[in-house]
Amino acid sequence: MAQSNGDHSSAAKPPPTPSPLRFSKFFQSNMRILVTGGAGFIGSHLVDKLMENEKNEVIVADNYFTGSKDNLKKWIGHPRFELIRHDVTEPLLVEVDQIYHLACPASPTNVIGTLNMLGLAKRVGARILLTSTSEVYGDPLIHPQEESYWGNVNPIGVRSCYDEGKRVAETLMFDYHRQHGIEIRIARIFNTYGPRMNIDDGRVVSNFIAQALRNEPLTVQAPGTQTRSFCYVSDMVDGLIKLMEGENTGPINIGNPGEFTMIELAENVKELINPKVEIKMVENTPDDPRQRKPDISKARELLKWEPKIKLKDGLPLMEEDFRLRLGVPRNN
Ligand SMILES: NC(=O)c1ccc[n+]([C@@H]2O[C@H](COP(=O)([O-])OP(=O)(O)OC[C@H]3O[C@@H](n4cnc5c(N)ncnc54)[C@H](O)[C@@H]3O)[C@@H](O)[C@H]2O)c1
Ligand SMILES: O=C(O)[C@H]1O[C@H](OP(=O)(O)OP(=O)(O)OC[C@H]2O[C@@H](n3ccc(=O)[nH]c3=O)[C@H](O)[C@@H]2O)[C@H](O)[C@@H](O)[C@@H]1O
């Protein structure tokens, strides 16, 4: 059954007041920021943005499971930057003021890694932001999805390890907030695309662009009428930073409400990159959400944030990066 009643995130009773010592850190000249998963796609763009501020010191913890040092090469050796090879399923002890917790493959890491990062936040009094996902809404029965919707997730399906892992991660964040007064922020990220995406990890935008450049058929998974809303990575990073810096715990949807069917996306990519390429219908995986579009009223109102880059403007920026990495120059 679909629920879209009230805001369940804020309990009637306010959480305990955090230690007054936490304010002392804001008088220091530097903000020490930990980014877990900072060698990945969104994480490395976030690091680029955070490093632009000379008052920030950035520590990345990543086990390079899907990320790469290459994404951070311009910062390696910089005095305000540190890169640690670390698996977040193991505890980490570092002195920081903020934690952007992105590290996560589609596995139980969500739970153990989040627990460890919450332990760290509690120990050092840091504010922690979790990159949750629109997958917490599962195959949604309301459209567009607003944050008060509890979702429609199959707990034993092939995707549920990821979806339920993130749902538990959100639960842990709120439990630590209520019980220990930890300052938390939860972003529900909707499909994000842009330069540095893994070329072969199977996500739809990277698949279609790589296929078009390699002159291979664009594989639309049936029925092709399922929808997604695609957010360009620089918009995403701006939203995450606004959430971290603001006063709202969330969860807040961060995504671009422009909604496309997979057939429309394939046609867009074909027209942009390779008008001769074929579009082929292939089998889908079970439990694929049929529709997905964020209601971003909360982000607009509370964060004064909305995405700026439309899909038709973002795709060419990603095309450039993929051409370089795949070695397919424009005049071919
Ligand atoms: N890209 C999207 O469309 C999207 C949508 C919703 C949510 N998210 C969330 O945003 C975050 C970043 O996603 P991304 O697209 O940049 O993915 P990514 O795979 O590029 O980045 C994840 C990073 O985490 C690292 N990592 C994985 N397991 C780790 C572990 N145990 N210890 C330390 N590091 C580990 C990887 O090496 C990688 O660098 C993830 O939490 C993901 O669930 C992404
Ligand atoms: O934004 C999110 O919350 C989630 O988005 C994605 O999950 P999903 O939406 O399924 O993204 P894709 O795997 O890129 O698939 C999107 C759609 O494209 C379709 N698709 C995928 C690949 C392909 O080659 N062809 C194709 O038609 C899929 O069937 C699906 O309907 C990511 O994989 C998750 O990490 C993330 O949390």
Side-chain angles (χ1 to χ4, degrees), residues 35-47 60-72 83-90 92 100-110 112-114 116-117 129-139 145 159 162-163 165-166 169 187-194 196-198 200-211 216-233 236-237 240 253-256 260-266 269 279-292 294:
V35 182
T36 75
F41 160 52
I42 299 178
S44 63
H45 285 279
L46 175 64
V47 169
V60 166
D62 201 298
N63 67 352
Y64 312 121
F65 187 73
T66 51
S68 154
K69 275 186 202 169
D70 217 39
N71 289 334
L72 295 168
L83 179 58
I84 308 172
R85 179 191 287 267
H86 179 79
D87 190 312
V88 294
T89 58
E90 299 294 334
L92 175 66
Y100 286 89
H101 176 42
L102 281 74
C104 160
S107 85
T109 295
N110 278 323
I112 299 161
T114 303
N116 282 333
M117 289 308 115
L129 180 149
L130 170 76
T131 50
S132 184
T133 169
S134 57
E135 296 272 316
V136 298
Y137 301 121
D139 189 6
Q145 293 78 53
R159 329 168 60 98
Y162 182 75
D163 303 2
K166 289 285 190 185
R188 290 194 179 145
I189 296 182
F190 282 64
N191 299 59
T192 302
Y193 71 100
R196 298 186 199 154
M197 269 186 108
N198 268 321
D200 291 309
D201 74 356
R203 295 187 202 184
V204 69
V205 184
S206 43
N207 265 13
F208 285 177
I209 291 187
Q211 287 163 340
E216 292 167 359
L218 310 190
T219 51
V220 172
Q221 294 175 350
T225 48
Q226 69 273 32
T227 65
R228 292 294 187 274
S229 304
F230 299 102
C231 185
Y232 191 68
V233 66
M236 177 56 56
V237 163
L240 295 178
N253 291 337
I254 315 264
N256 189 322
F260 297 84
T261 67
M262 294 312 104
I263 293 170
E264 285 167 344
L265 176 68
V269 171
I279 296 180
K280 187 169 97 183
M281 197 65 73
V282 298
E283 203 182 321
N284 205 340
T285 48
D287 298 335
D288 183 38
R290 282 162 290 181
Q291 50 181 3
R292 189 184 283 159

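Remember, it's a predicted structure, so these values are computed and weren't measured experimentally. For ligands, and for the atoms within them, numbers begin at 1 and follow the listed sequence.
Between the N198 side chain and the T66 main chain, a donor and an acceptor come within less than 3.5 Å of each other. Panel note: side chain N256, backbone S229; no donor-acceptor pair is recorded below 3.5 Å. T131 contributes a side-chain N or O that, together with a main-chain N or O of H101, makes up a donor-acceptor pair within less than 3.5 Å. Side-chain N or O atoms of T261 include none that pairs as donor or acceptor with a backbone N or O of Q226 at under 3.5 Å.
Counting heavy atoms under 4.0 Å from ligand 2, residue N191 touches it through both backbone and side chain. The proximity of E135 to ligand 2, defined as any non-hydrogen pair under 4.0 Å, involves the side chain as well as the backbone. Within the 4.0 Å heavy-atom criterion, neither part of K166 lies near ligand 2. The proximity of Q291 to ligand 2, defined as any non-hydrogen pair under 4.0 Å, does not occur for either the backbone or the side chain. Using a 4.0 Å cut-off between heavy atoms, N207 contacts ligand 2 through its side chain alone, with no backbone atom that close. Heavy atoms of I189 found under 4.0 angstrom from ligand 2 belong exclusively to the backbone.
Taking every heavy atom of F190 and a limit of under 4.0 angstrom, the matching atoms of ligand 2 come to 1 (O). Within ligand 2, counting atoms from 1 as listed, the ones closer than 4.0 Å to a heavy atom of V220 are 27 (O). Interface atoms of ligand 2 facing R292, defined by a heavy-atom separation under 4.0 Å, are 1 (O), 2 (C), 3 (O), 4 (C), 5 (O), 8 (P), 9 (O). For ligand 2, the atoms closer than 4.0 angstrom to any heavy atom of N284 are 29 (O).
How far CG of L102 is from CD1 of I189: 6.0 Å, rounded to the nearest 0.5 Å. For the atom pair CG (D139) and CD (Q291), the distance works out to 7.5 Å, reported to the nearest 0.5 Å. A distance of 7.5 Å separates CG of D201 from CG of N207, quoted to the nearest 0.5 Å. Here the CE atom belonging to M281 is positioned 11.5 Å from the CG atom belonging to L218, to the nearest 0.5 angstrom. Here H45 contributes atom NE2 and Y232 contributes atom OH; the two are 6.5 Å apart, rounded to the nearest 0.5 Å. Taking CZ from F41 and OG from S68, the interatomic distance works out to 14.0 Å, rounded to the nearest 0.5 Å.
Considering backbone and side-chain N/O atoms, V204 comes within less than 3.5 Å of an N/O atom of ligand 2. At least one N or O atom of S134, backbone or side chain, sits closer than 3.5 Å to an N or O atom of ligand 2. At a 3.5 angstrom cut-off on N or O pairs, Q211 does not count as close to ligand 2.
Scanning both residues, T89 and I112, for their nearest heavy atoms gives O-CG2, 3.6 Å. Annotation for G40 and N71: closest pair O-ND2, 3.9 Å, computed over non-hydrogen atoms.
Looking at V205, L265, V204 one by one, the single match for side-chain contact (heavy atoms from CB on, under 4.5 Å) with Y193 turns out to be V205.
The closest protein non-hydrogen atom to atom 25 (N) of ligand 2 is T219 O, 2.6 Å. The protein non-hydrogen atom at the shortest distance from atom 16 (C) of ligand 2 is R228 NE, 3.6 Å. With hydrogens left out, the protein atom closest to atom 10 (O) of ligand 2 is R159 NH2, 2.8 Å, a heavy atom. Looking at atom 35 (O) of ligand 2, its nearest protein heavy atom turns out to be Y162 OH, 3.3 Å. At the top of the distance list for atom 31 (O) of ligand 2, counting protein heavy atoms only, stands D288 OD2, 2.6 Å.
Distances from atom 22 (C) of ligand 2 to the heavy atoms of S206, G202, S229, A266 put G202 nearest. Remark: among candidates M262, M281, R203, Q221, the nearest residue to atom 17 (C) of ligand 2 is M262, based on non-hydrogen atoms.
Residues N110 and Y162 have side chains in contact (heavy-atom distance under 4.5 Å, counting atoms from C-beta outward).
Contact residues for ligand 1 (protein heavy atom closer than 4.0 angstrom to any ligand atom): G37, A39, G40, F41, I42, D62, N63, Y64, F65, T66, G67, H86, D87, V88, L102, A103, C104, P105, T109, T131, S132, T133, Y162, K166, I189, N191, T192, R203.
A salt bridge links D288 with R159: at least one charged nitrogen is closer than 4.0 Å to a carboxylate oxygen.
Residues Q221 and T285 bring no donor and acceptor atom of their side chains to less than 3.5 Å of each other.
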